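Below you'll find the structure, written out as structure tokens, and then a few comments.
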Amino acid sequence: MALVDNITCNGTSSSVTESTHKLEWKIKLGFNIFISILVFTGNALVLLLLTGKKAKTRTTPFEHFVGNLSVSDIAFEIGYLTVVYVKDRSSLFCKAILPIQSVCLTVSMHTVVAISIFRFQSTTKPLHFKPGRKTVHGTIAGLWGLALVLFIPIYIVLKYKSNYVQIGYVCYEDWPSQTINKAYTVALFIAQYLLPLFAIAFCYVKIVLYLRRHTFPHDSSGNQLQIARKRKQTMEVIRISVAIIILYNITTLPFQIAWLSSIVFQEKSFSEVVFLFSNELATLHSCCNPVVYGVISKRFRVEMKSYISNIFCCCRRKIYSLNKNTRKGDERVELSDLRKPEVFIINNGRNQRYT
């Protein structure tokens, strides 16, 4: 159930003309270049902001998970571009590269689940739940491990063989029976979508109910200001997570529906139509998260502007310093020429100049 399996495993298509194929290829190439620029630029800036924080500033669990989202988005885009545009393929390519995109999508969804669970615990148990760096890093490693475990059946059933009729290769899923294939597809849909959505909805509903029940009188004490700041951060995290989930479902749900209709319900004609745009739509997910942070989080916007302005300021200072040093060097050379006498020594009929 690899993301772009239907694109890469069929060789050339005889149902479309060569001109139409070239036009479609150019449109998709331009789209993929544009999306790749957004993915690598946006997520790289997020990672630079997180890794460039001051040593005294404590990185929160939410920021660690945001970094994990950026890593999974970059890995997804690299895998997608490799599958679509790399022509040198092998059995290792079939086994290792094709499923990694679905693994990255699963990690993204489960990371949002981890964000909701950590936020639920820190909101309802603020004095008892204080996760350290090891806990957060262990959770992130567990998310990647869980995603890889979910796709072990895919790694087992993926087969590779040369296609001598059409130039290229065939990478396909060789299931022992269609019943097992259908059961696994439904189970994967539940693990990737239904259970995570239920867990996220449960956590955030409980958070909202908790905040409504536990109200505190307004005063100017330090504790009350800290509680108000904590609540504001909680609501911001909720808005960011909800926006990520909505965009995740808009961009990836058509692909899942296409696989369900193709494998479980045997609606090949419908799934072929959805597959025409679902793969490119899924790539949009990789560039959505930085946009969500910038739109919703004011602190992220401020830090981003400050980081970009510092980069330009450093570049301007270096250029100015380089030009200033060059001018000073030229002035010193001109002054030395004026002050020092010129001495000519005749040596074997040649004039040598020394200053």
Side-chain angles (χ1 to χ4, degrees), residues 43 46-47 50 58-73 76 102-150 188-214 227-253 256 285-286 288-300:
N43 288 289
V46 172
L47 292 175
L50 295 177
R58 180 177 177 270
T59 304
T60 64
F62 174 71
E63 292 172 337
H64 282 287
F65 289 129
V66 166
N68 188 51
L69 284 174
S70 296
V71 171
S72 65
D73 289 341
F76 172 86
S102 298
V103 170
C104 292
L105 288 177
T106 304
V107 169
S108 296
M109 189 64 169
H110 290 175
T111 300
V112 181
V113 175
I115 291 173
S116 63
I117 294 174
F118 272 65
R119 182 58 57 173
F120 170 73
Q121 294 289 341
S122 63
T123 302
T124 58
K125 302 174 183 178
L127 299 179
H128 302 284
F129 185 75
K130 294 181 179 180
R133 180 171 295 183
K134 291 184 179 179
T135 302
V136 177
H137 290 176
T139 302
I140 292 174
L143 294 176
W144 284 94
L146 176 61
L148 290 172
V149 168
L150 287 176
L188 191 61
F189 178 76
I190 294 173
Q192 279 185 315
Y193 277 87
L194 297 186
L195 287 179
L197 287 176
F198 175 78
I200 293 167
F202 174 81
C203 290
Y204 287 145
V205 168
K206 295 290 286 185
I207 289 174
V208 172
L209 294 176
Y210 177 87
L211 294 177
R212 287 185 177 181
R213 286 196 303 265
H214 296 77
I227 291 173
R229 191 181 303 109
K230 185 73 171 179
R231 290 192 172 199
K232 185 178 180 180
Q233 293 176 355
T234 299
M235 296 307 299
E236 183 178 279
V237 170
I238 292 176
R239 289 195 297 271
I240 290 175
S241 300
V242 170
I244 291 174
I245 289 300
I246 292 174
L247 292 173
Y248 179 89
N249 283 278
I250 291 174
T251 55
T252 61
L253 191 57
Q256 287 287 344
H285 164 262
S286 300
C288 288
N289 294 342
V291 177
V292 172
Y293 308 146
V295 172
I296 297 178
S297 176
K298 182 179 179 181
R299 185 164 67 98
F300 179 82

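Keep in mind that this is a model prediction, so the values were computed, not measured.
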Heavy-atom pair with the smallest gap, counting every atom of Ser70 and Val46: OG-CG1, 3.4 Å
Donor + acceptor pair across side chains of Ser241, Tyr204 (<3.5 Å): yes
Pair Asn289-Asn43, side-chain donor/acceptor within less than 3.5 Å: no
Sole residue of Val242, Ile115, Thr123 in side-chain contact (heavy atoms from CB on, under 4.5 Å) with Val237: Ile115
Exercise: identify the closest heavy-atom pair between Ser72 and Ser108: OG-OG, 3.0 Å
Any Cys288 side-chain heavy atom under 4.5 Å of Tyr293 side chain: no
Straight-line distance of His285 NE2 to Ile244 CD1, nearest 0.5 Å: 7.5 Å
Asn249/Leu197 under side chain to side chain contact (heavy atoms under 4.5 Å, CB included): CA gap, chis, key distance, verdict: CA-CA 10 Å; Asn249 283 278; Leu197 287 176; 3.8 Å; yes
Over all atoms of both residues, closest heavy-atom pair of His110 and Ala191: NE2-O, 3.1 Å
Heavy-atom closest pair, residues Pro131 and Val136: CB-CG2, 4.5 Å
Non-hydrogen side-chain atoms of Ile240 and Phe62 separated by less than 4.5 Å: yes
Working for side chain to side chain contact (heavy atoms under 4.5 Å, CB included), residues Val292 and Arg239: CA-CA 9 Å; Val292 172; Arg239 289 195 297 271; over 6 Å; no
Separation of Asp73 CG from Leu47 CG (nearest 0.5 Å): 9.5 Å
Enclosure of Phe198 CZ (heavy-atom neighbours >12, cutoff 6.0 Å): no
Aromatic plane relationship, His137 with His64 - under 30° parallel, 30 to 60° tilted, over 60° perpendicular: perpendicular
Close side-chain approach of Arg119 to Ile207, heavy-atom, < 4.5 Å: yes
Gln256 side chain reached by Thr252 side chain, heavy atoms, under 4.5 Å: no
Residue pair Thr124 / Phe129, side-chain heavy-atom distance below 4.5 Å: no
Within-4.5 Å side-chain heavy-atom neighbours: Val112 and Phe65: no
Separation between CG of Leu69 and OG of Ser286, rounded to the nearest 0.5 Å: 11.0 Å
Separation of Glu63 CD from Leu50 CG (nearest 0.5 Å): 6.0 Å
Over all atoms of both residues, closest heavy-atom pair of Met109 and Tyr193: CE-O, 4.2 Å
Flag side-chain contact, heavy atom, 4.5 Å: Leu150 against Val103: no
Point-to-point distance, once rounded to the nearest 0.5 Å, from CD1 of Ile190 to CG of Leu195: 7.0 Å
Atom of Thr135, atom of Phe118 and distance for their closest heavy-atom approach: CG2-CZ, 4.4 Å
Rounded distance [0.5 Å steps], OG in Ser122 versus NZ in Lys130: 11.5 Å
